[in-house]
Each structure stands twice: as C-alpha cells, then as structure tokens.
Number of protein chains: 2
Amino acid sequence: MEQNKIPQATAKRLPLYYRFLNNLNQQGKKRVSSKELSEAVKVDSATIRRDFSYFGALGKKGYGYNVEYLLGFFRSTLDQHEVTEVALIGAGNLGTAFLKYSFMKNNNIRITKAFDADWEKVGTDIDGVPIYHVDQLFEKLEDTKVVILTVPATEADNIADKLVQAGVNGILNFTPARITVPSHVRVHHIDLAVELQSLVYFLKHYPLDTKE
Amino acid sequence: MEQNKIPQATAKRLPLYYRFLNNLNQQGKKRVSSKELSEAVKVDSATIRRDFSYFGALGKKGYGYNVEYLLGFFRSTLDQHEVTEVALIGAGNLGTAFLKYSFMKNNNIRITKAFDADWEKVGTDIDGVPIYHVDQLFEKLEDTKVVILTVPATEADNIADKLVQAGVNGILNFTPARITVPSHVRVHHIDLAVELQSLVYFLKHYPLDTKE
DNA sequence: ATTAATATGTGAAAAATGTCACGACATTTC
DNA sequence: GAAATGTCGTGACATTTTTCACATATTAAT
Ligand SMILES: NC(=O)c1ccc[n+]([C@@H]2O[C@H](COP(=O)([O-])OP(=O)(O)OC[C@H]3O[C@@H](n4cnc5c(N)ncnc54)[C@H](O)[C@@H]3O)[C@@H](O)[C@H]2O)c1
Ligand SMILES: NC(=O)c1ccc[n+]([C@@H]2O[C@H](COP(=O)([O-])OP(=O)(O)OC[C@H]3O[C@@H](n4cnc5c(N)ncnc54)[C@H](O)[C@@H]3O)[C@@H](O)[C@H]2O)c1
C-alpha cells in the first residue's frame with residue numbers, strides 16, 4: 001500500500017491531470033508549466049505544484065515539467081499499464097449509456113460484463129459487453145473487484161450485499177440510495193439529482209461576480 | 001442573496017437531507033434524530049446537527065426534529081415550491097438517459113427542452129421533451145438559466161460560449177473538457193471517467209479495514 | 001415529583017485543504 | 001558569461017470542514 005500520505009483531495013485530481021497530460025502528449029508538446037496546466041484543468045497552479053510534490057520532485061526549476069516523463073510517472077502511479085476490468089449491474093437507461101461509452105479512450109478501464117434482472121436483456125450484448133442474469137453474479141463475476149451500480153434505488157442495498165459476498169470491494173453507486181457495506185468496501189456515490197439540485201441552490205443563494 | 005454564510009460543503013448536502021426527509025415523511029414518520037438520519041445518509045451526526053444549525057434552531061433538545069416541519073423548512077430553502085426548468089444540450093447516449101429520468105420524483109426540477117446538432121433527432125421528442133436544433137438556442141432557450149451539457153468534449157467550449165451569450169448562468173458539465181466561462185457563470189463538473197479512475201486508485205493505494 | 005434517558009446546539013480543537021510568496025536553481029537572451 | 005527571466009518546491013499562513021464533548025433543555029418512566 002506504499003505511502004498513503006497523499007491527501008484524498010489530491011488523489012481525486014490525479015486522473016484529471018493524467019488525462020490532460022495525455023492530451024498534451026498527443027499534441028506533441030514536450031514541456032508544460034504548472035501555470036499552463038492550471039488554465040487547462042481549472043485548478044490553482046500552486047495546488048498543482050503541491051499535488052505533484054507529494055510524489056517527489058517531478059519538475060525542473062525554471063523549466064517546468066517534461067510531459068513525457070510526467071505522463072509516464074502518472075501512468076504507473078495510476079496503474080494504467082494494465083487493464084482494470086469493471087462490471088455493471090443494471091443495464092437500463094443510465095447503464096446502457098455507460099456500456100456504450102469507451103472509457104478506454106483516456107483510461108485503461110473496461111466494462112467487461114453486465115448483469116440485469118430482465119430476461120429480455122439477458123443473453124444479449126451491448127457494444128460487445130455480454131449481459132448475464134443477476135442470479136449468475138457468483139459464477140460470472142469471477143475476480144472483478146469494481147462495480148458500477150445502476151439498478152433501481154429499491155434494489156441497491158440488496159444487490160450491494162450480494163456484491164460484497166462475491167468479493168467486490170469498490171462500488172460506484174449511481175442510485176439515490178446510500179448503501180450499507182462493511183468497512184473493507186469502498187463506495188463512491190454519484191447522485192445526479194443532488195448535483196443538479198445543488199447547482200440550482202448555489203445559483204439562487206450564492207453571489208456570483210457580475211462583472212464580465 | 002440573504003446570508004451566504006452557509007458553507008459550500010453544507011449546501012451540497014442539503015438536497016440529500018431533503019430527499020431523505022421526504023422519504024421519512026411518506027413513510028409516516030413524525031420525528032427523527034440526527035443519529036437516525038446519519039445512518040440513512042451516511043453523514044456523521046455531528047455534521048448533520050452543525051449543518052442544520054446554520055439555519056437556526058430547527059430541532060428540540062431531547063426530542064429530535066419534527067419531520068414535517070423540517071421538510072417544510074427545506075422545501076422553501078431549496079425553492080421546491082416552484083418548478084425549476086432545465087435544458088439539455090446533446091441528446092446522445094447520456095443525454096437520452098437523463099431525458100428519460102424523472103427528476104420530479106424527488107426534486108421539483110424538470111428538463112423541458114433539449115438541443116442537438118443531429119437533424120435526425122431534431123423535431124422528435126424523448127418522453128415528451130422536444131428536441132430542437134442547436135442553432136435555435138437563442139430563440140428557444142428563452143429564460144432557462146440552467147443547462148445540462150452532454151455533447152462531445154470537442155464541442156463543449158464552443159457550446160458553452162453560446163449558452164453564456166444566451167443568458168445561462170449554471171452549467172452541469174458532463175464532458176471531460178474543463179470549459180472556460182465568465183465569472184458570473186457557475187459550472188459544476190461531473191467527470192465520470194475521473195470518478196471511476198479515482199475509485200480504482202483509492203482501492204489500490206488506500207488501506208481499508210480488513211475486519212468485518 | 002423525581003429521576004433517568006435522550007438528543008440538541010455549539011464552543012473549542014483538530015484535521016484537511018488551499019494559497020501566498022519567496023529562495024533556489026535552470027534556461028534563455030544579449 | 002553576465003543578466004534577466006521563468007518556474008519549481010515548500011515553509012508559513014489562511015481557510016474550510018469535520019469532530020469532540022458537554023451544558024442544557026425536553027421527554028419518558030417510575
Ligand atoms: N437515468 C438517469 O438519468 C438517472 C438520474 C439520477 C439517478 N438515476 C438512478 O440510476 C439508477 C438507474 O436509473 P435508470 O434510469 O437507468 O433506470 P432503469 O429503470 O432504466 O434501469 C434499471 C435497470 O436495472 C434492472 N434491474 C432491476 N432490478 C434489478 C436487479 N435486482 N438486479 C439487476 N438489475 C435489475 C432493470 O431491468 C433495468 O434494466 C436508478 O437508481 C436511478 O434512480 C438515474
Ligand atoms: N456515455 C457515457 O457513459 C459517458 C461517460 C463519461 C463521459 N461522457 C461524456 O459525456 C458526453 C456525451 O457522451 P455520450 O456518450 O452521450 O455521447 P454521444 O455521442 O452519444 O452524444 C453526443 C450528442 O451530442 C450531439 N451533438 C454533437 N455536436 C453537437 C453540438 N455542436 N451541439 C449540440 N449537440 C451536439 C450528438 O448529435 C449526440 O446526440 C461526452 O462528452 C462524453 O465524453 C459520457
């Protein structure tokens with residue numbers, strides 16, 4: 001587990017940095033400063049330098065960062081050299097959108113299996129990803145450790161239990177339900193209705209600069 | 001703009017509280033403690049009490065909170081008495097999933113218009129939401145202030161400019177692009193690939209309790 | 001009534017995160 | 001090769017957020 005000294009806030013930004021470095025590299029750029037990067041990812045340049053510094057001295061004073069080197073460093077830090085296989089539970093509206101999206105474009109992550117309760121869907125595939133019945137979780141999940149959860153909220157806790165039993169230790173939960181899991185399992189909630197509602201709240205209650 | 005003293009972290013949790021209070025109310029529950037609420041929404045009970053306290057004394061010592069009263073309070077705080085109309089740009093895979101989802105179930109928010117560049121889609125509707133051509137933004141957007149952005153990343157900045165010109169001041173951006181907008185416009189980014197990647201990173205690099 | 005139990009609201013402390021500003025060094029220019 | 005410029009890495013400081021822990025008020029029980 002090496003040093004878990006890296007602040008969580010930093011860890012959440014790493015994939016973002018990685019993606020932009022990838023872009024720059026593809027554009028043939030050789031060097032980049034924290035200031036440039038800052039403008040691209042909208043994170044303060046001092047924060048970026050601080051973030052990078054947790055990993056040691058990655059840059060050169062007066063020069064900036066070598067794109068290729070930095071990219072390589074993050075590639076290994078983010079384990080981008082090997083494919084991470086992910087499963088999806090609930091191939092409905094939202095689930096289907098994810099299945100059709102290629103996370104491989106920017107990340108070495110692939111959804112390789114889907115599960116649903118609907119027999120109409122079971123046996124078919126979406127963009128090459130096979131859909132199994134949710135009762136086959138134990139046989140088919142194999143050693144998949146990370147799961148995207150897009151089932152109806154009422155099913156969330158029930159499915160989560162099964163996932164934990166099947167050895168999953170990471171769940172990206174899109175249902176509005178706050179699921180209960182043992183402490184060795186990590187859940188990240190993405191609550192789209194809350195995000196929308198809170199944006200609306202901020203607009204109504206927080207002052208925004210009126211100048212151009 | 002009343003008191004903008006409420007911390008941002010608190011503001012982001014308000015819609016979550018609201019939804020769970022709604023659930024409780026529908027279940028006929030009359031009172032609730034910060035401890036109960038904590039277990040449901042997975043937020044520390046002290047944090048919940050602190051959050052509520054920014055709005056004054058909403059509870060009663062030794063009793064807890066009156067569900068109906070609290071719900072009513074948040075309903076008006078979150079402007080849930082009036083419908084907030086939202087537009088969506090880019091009726092692709094992700095956009096269509098949103099159009100088919102009823103945010104009205106838990107929030108008084110409705111997507112009422114969609115825009116796309118694809119003439120095959122223009123003129124049709126998805127679950128009753130009409131799709132206009134993106135060139136008609138200025139005529140059709142009217143006084144919509146909040147927009148969900150689900151276009152290809154390459155189009156994001158371009159569309160964002162137009163939205164700003166059309167008077168939009170809130171954008172929920174699902175594209176991987178970090179868009180540039182004037183300071184009177186608020187953008188919330190939901191970067192699904194980053195979320196997935198960072199979950200994977202946390203699993204590999206952060207210790208989790210191994211006990212049950 | 002008296003006591004025990006409960007649960008808020010908050011001062012104070014701690015933890016986490018973000019920003020400033022500058023010394024040190026590398027690069028570039030002249 | 002000297003001077004000017006650019007940019008990192010970081011100590012110190014600022015801000016935000018979370019958590020502790022308890023005085024205080026209310027309810028519930030006997
Ligand atoms: N679509 C959106 O825009 C949106 C927005 C916010 C939240 N959400 C949440 O995301 C989740 C999915 O939303 P959706 O719109 O895709 O719903 P959906 O109804 O289209 O899809 C749900 C899928 O889950 C399957 N399913 C049902 N029970 C199951 C079970 N026990 N095991 C496995 N699969 C099962 C259904 O067959 C269906 O295919 C919901 O919890 C919803 O609240 C969706
Ligand atoms: N689908 C996912 O799971 C997923 C995951 C992560 C990120 N994203 C991001 O979300 C965005 C949308 O993804 P998607 O999968 O729905 O893509 P998509 O290609 O299915 O949909 C994009 C839609 O935008 C429309 N469009 C193109 N140019 C336009 C323009 N100038 N104005 C208006 N509409 C325009 C297209 O006609 C299409 O309907 C992309 O930026 C993608 O990177 C999607």
Side-chain angles (χ1 to χ4, degrees), chain A residues 3-14 16-17 21 24 29-71 73-74 183 189 198 201-202 205-207, chain B residues 3-14 16-17 20-21 24 29-71 73-74 178 183 189 198 201-202 205-207:
Chain A
Q3 6 87 304
N4 66 327
K5 296 176 177 178
I6 290 119
Q8 301 223 357
T10 297
K12 288 191 186 166
R13 284 188 290 262
L14 297 183
L16 186 60
Y17 298 145
L21 286 170
L24 290 178
K29 234 169 165 298
K30 291 293 174 209
R31 64 185 258 190
V32 65
S33 69
S34 60
K35 187 147 166 276
E36 279 177 281
L37 216 44
S38 169
E39 276 150 28
V41 300
K42 316 286 181 199
V43 171
D44 188 273
S45 67
T47 301
I48 293 178
R49 290 200 301 281
R50 171 82 62 197
D51 282 347
F52 288 2
S53 78
Y54 291 115
F55 299 97
L58 302 176
K60 253 197 260 184
K61 302 187 177 181
Y63 176 88
Y65 300 90
N66 179 304
V67 173
E68 209 166 322
Y69 173 77
L70 201 55
L71 184 62
F73 180 83
F74 279 120
S183 59
H189 294 275
S198 84
Y201 180 82
F202 275 107
H205 296 84
Y206 283 70
Chain B
Q3 5 87 300
N4 67 327
K5 296 174 176 178
I6 289 120
Q8 301 222 358
T10 297
K12 287 191 186 166
R13 284 187 291 262
L14 297 183
L16 186 59
Y17 298 146
F20 274 85
L21 287 170
L24 290 179
K29 234 168 167 296
K30 291 294 174 207
R31 63 186 260 190
V32 65
S33 69
S34 61
K35 187 145 166 276
E36 280 177 280
L37 217 44
S38 170
E39 275 151 28
V41 301
K42 316 284 181 199
V43 172
D44 187 272
S45 67
T47 301
I48 293 178
R49 291 201 299 281
R50 172 80 60 195
D51 283 348
F52 288 3
S53 79
Y54 292 115
F55 299 97
L58 301 176
K60 254 198 261 186
K61 301 189 177 181
Y63 176 88
Y65 301 90
N66 178 303
V67 172
E68 210 165 319
Y69 173 76
L70 201 55
L71 185 62
F73 181 83
F74 278 121
R178 260 29 190 188
S183 59
H189 295 274
S198 85
Y201 180 81
F202 274 107
H205 297 84
Y206 284 70

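To find a chain, count down the sequence lines: A is the first, B the second, and so on, and within it residues start at 1. Just so you know, these numbers come straight off a predicted model, no measurement behind them.
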Ring pair (Phe, Tyr, Trp, His ring centres under 6.0 Å) with Tyr201(B): which residues, sequence neighbours excluded? His205(B)

Polar atom pairs (N or O), protein with nucleotides 27-30 of chain C, under 3.5 Å:
unit_1	atom_1	unit_2	atom_2	d
dT27(C)	OP1	Lys60(A)	NZ	3.4

Report, as a single string ordered 5' to 3', how protein heavy atoms within less than 4.0 Å touch nucleotides 11-21 of chain C: B base, S sugar-phosphate only, - not at all. BB----SSB-B

Is Ser34(B) close enough to dA7(C) that one of its side-chain N or O atoms is under 4.0 Å from OP1 or OP2 there? no

Sorted by chain and residue number, the ring pair (Phe, Tyr, Trp, His ring centres under 6.0 Å) partners of Tyr65(A) (sequence neighbours excluded) come out as Phe52(A)

Is there a side-chain contact between Leu37(A) and Leu24(A) (heavy atoms, below 4.5 Å)? yes

Which salt bridge (Lys or Arg N to Asp or Glu O under 4.0 Å) pairs, counting each pair once, include a residue from residues 34-53 of chain A, with sequence neighbours left out? Arg13(A)-Asp51(A), Lys29(A)-Glu36(A)

Leu58(B) has an atom CG; how far is it from atom C1' of dA7(C), in whole Å? 14 Å

Starting at CZ of Phe52(A) and ending at P of dC8(D), how long is that distance when rounded to a whole Å? 9 Å

What are the two closest heavy atoms between Ser45(A) and Ser34(A), and how far apart are they? CB-O, 3.6 Å

Here the residues of residues 64-71 of chain A within 4.0 Å heavy-atom distance, strictly under, of DNA chain D are Gly64(A), Tyr65(A)

N/O donor-acceptor pairs under 3.5 Å from side chains in residues 57-64 of chain A, not counting sequence neighbours:
none

Nearest-Å distance for atom pair NZ/P, residues Lys35(A) and dG6(D): 9 Å

